[in-house]
Amino acid sequence: MTSSHRKLDNVCAIVDNNGLQIDGPISEIKSSLEPIAAKWKAFGWNVIEADGHNQEQLLQAFEEAKNKKGMPTVILARTIKGKGVSFMEGKVEYHGVAPTEDEKARALKELGCGE
Amino acid sequence: MDDIKTLKERTLKMRRNIISMLCCSKSGHTGGSLSAIDIVAVLFLKVMKINPKNPKMETRDRFVLSKGHGAPALYAALAEAGFFPEEDLMELRKVDGKLSGHPDMRKTPGVDMSTGSLGQGLSVANGMALAARLKGLDYRVYALLGDGEMQE
């Protein structure tokens with residue numbers, strides 16, 4: 001609310017909206033965050049929704065944010081926890097756990113490393 | 001288009017670095033670092049006005065990683081942007097290393113705010129943004145929040 005009250009158009013918040021927290025899906029642990037866009041709007045923010053793994057979309061969103069005057073912008077970025085490594089994607093188990101040597105080797109292979 | 005291709009390749013490399021540094025440290029937050037890295041990469045490699053040779057440049061854009069446990073994503077980006085050598089990433093979570101488990105502005109070049117206590121990043125960003133106005137500077141402040149922390 002401070003951001004919009006003070007008309008801080010030099011503030012840009014980004015929400016890494018991966019839907020999971022340490023103990024499981026956010027929607028099961030507390031109430032759902034939805035409707036998340038409406039909530040930010042109600043607090044006086046310019047809201048942009050984007051795919052948080054589509055960098056073209058993100059670049060465009062940041063450009064839009066920069067050009068929006070008189071109010072702060074939030075980019076609601078839909079993301080997938082563990083994105084890029086198939087056996088980690090959407091798995092809450094990897095919230096606060098580092099990969100083992102074996103998992104590292106499998107992950108690096110998926111990420112284009114030949115070892 | 002080449003530009004985007006290079007950005008994607010560099011982001012892929014940052015993903016590999018996240019996995020490697022976390023495996024090396026044997027602890028840390030993998031999932032949320034991988035979900036945030038595309039965003040952080042766009043900011044540090046394309047959007048933000050920063051100077052790795054002068055990390056404290058007064059007119060730089062600021063970045064607050066409110067979800068501080070995603071530090072590996074921030075460190076991978078700082079190394080890729082040239083704030084410190086890539087090899088240093090393996091210092092993650094090592095005693096006396098400059099890369100703490102959560103970002104520490106006193107230890108790591110390029111880190112604008114120490115974070116990790118969730119729910120506070122946006123307030124800090126507001127303060128930085130107000131400071132820009134008072135000083136007549138035109139920098140922008142970016143704050144990356146986790147969805148989980150929004151209802152902590």
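These figures come from a predicted structure and were not determined experimentally. Numbers restart at 1 for each chain; the letters A, B, ... are given by sequence-line order, proteins then strands.
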So do Lys83(A) and Glu89(A) actually touch side chain to side chain, heavy atoms under 4.5 Å? yes
Between Asp38(B), Ile39(B), Ile19(B), which residue shows the highest count of heavy-atom pairs closer than 4.5 Å to chain A? Asp38(B)
Does any heavy atom of chain B fall under 4.5 Å from the side chain of Val97(A), the backbone, both, or neither of them? backbone
So what's closer than 4.5 Å to chain B heavy atoms on Ile26(A): side chain, backbone, both or neither? both
Heavy-atom pair count under 4.5 Å with chain A, highest-scoring of Ile37(B), Leu122(B), Asn126(B): Asn126(B)
Contact winner vs chain A - Val141(B), Asp61(B), Leu12(B), heavy-atom pairs under 4.5 Å: Val141(B)
Proximal component of Ala13(A), with respect to chain B [non-hydrogen, under 4.5 Å]: both
Answer key: most heavy-atom pairs under 4.5 Å with chain B among Ile22(A), Asp16(A), Thr100(A) is Asp16(A)
Under 4.5 Å heavy-atom distance to chain B, tell me which part of Lys91(A) shows up: side chain, backbone, both or neither. neither
Answer key: most heavy-atom pairs under 4.5 Å with chain A among Asp138(B), Val64(B), Leu43(B) is Leu43(B)
In terms of heavy-atom pairs under 4.5 Å with chain B, the winner among Leu33(A), Leu20(A), Asp9(A), Thr2(A) is Leu33(A)
Using a strict cut-off of less than 4.0 Å between a Lys/Arg side-chain nitrogen and an Asp/Glu carboxylate oxygen, indicate whether Lys135(B) and Glu58(B) qualify as a salt bridge. yes
Does NZ or CZ of Arg60(B) lie under 6.0 Å from the centre of the six-membered ring of Tyr139(B), at an angle within 45° of the ring axis? no
How far does CG of Leu59(A) sit from CD1 of Ile4(B), to the nearest 0.5 angstrom? 5.0 Å
Side chain, backbone, both or neither: which part of Ala50(A) has an atom under 4.5 Å from a heavy atom of chain B? neither
Val42(B), Leu130(B), Val47(B), Ile18(B): which one forms the most heavy-atom pairs within less than 4.5 Å of chain A? Val42(B)
Toward chain A, the part of Thr11(B) with a non-hydrogen atom under 4.5 Å: side chain
I need the residue from Met21(B), Met128(B), Lys67(B) with the largest number of non-hydrogen atom pairs under 4.5 Å to chain A. Lys67(B)
Nearest 0.5 Å, what's the CZ-OH distance between Phe44(B) and Tyr142(B)? 11.0 Å
Nearest 0.5 Å please: distance from the CG atom of Leu111(A) over to the CE atom of Met14(B). 12.5 Å
Under-4.0 Å salt bridge between Glu56(A) and Lys8(B): yes
If you round to the nearest 0.5 Å, how far is CE of Met90(B) from NZ of Lys94(B)? 9.0 Å
Got a donor-acceptor contact below 3.5 angstrom from the Arg62(B) side chain to the Ala129(B) backbone? no
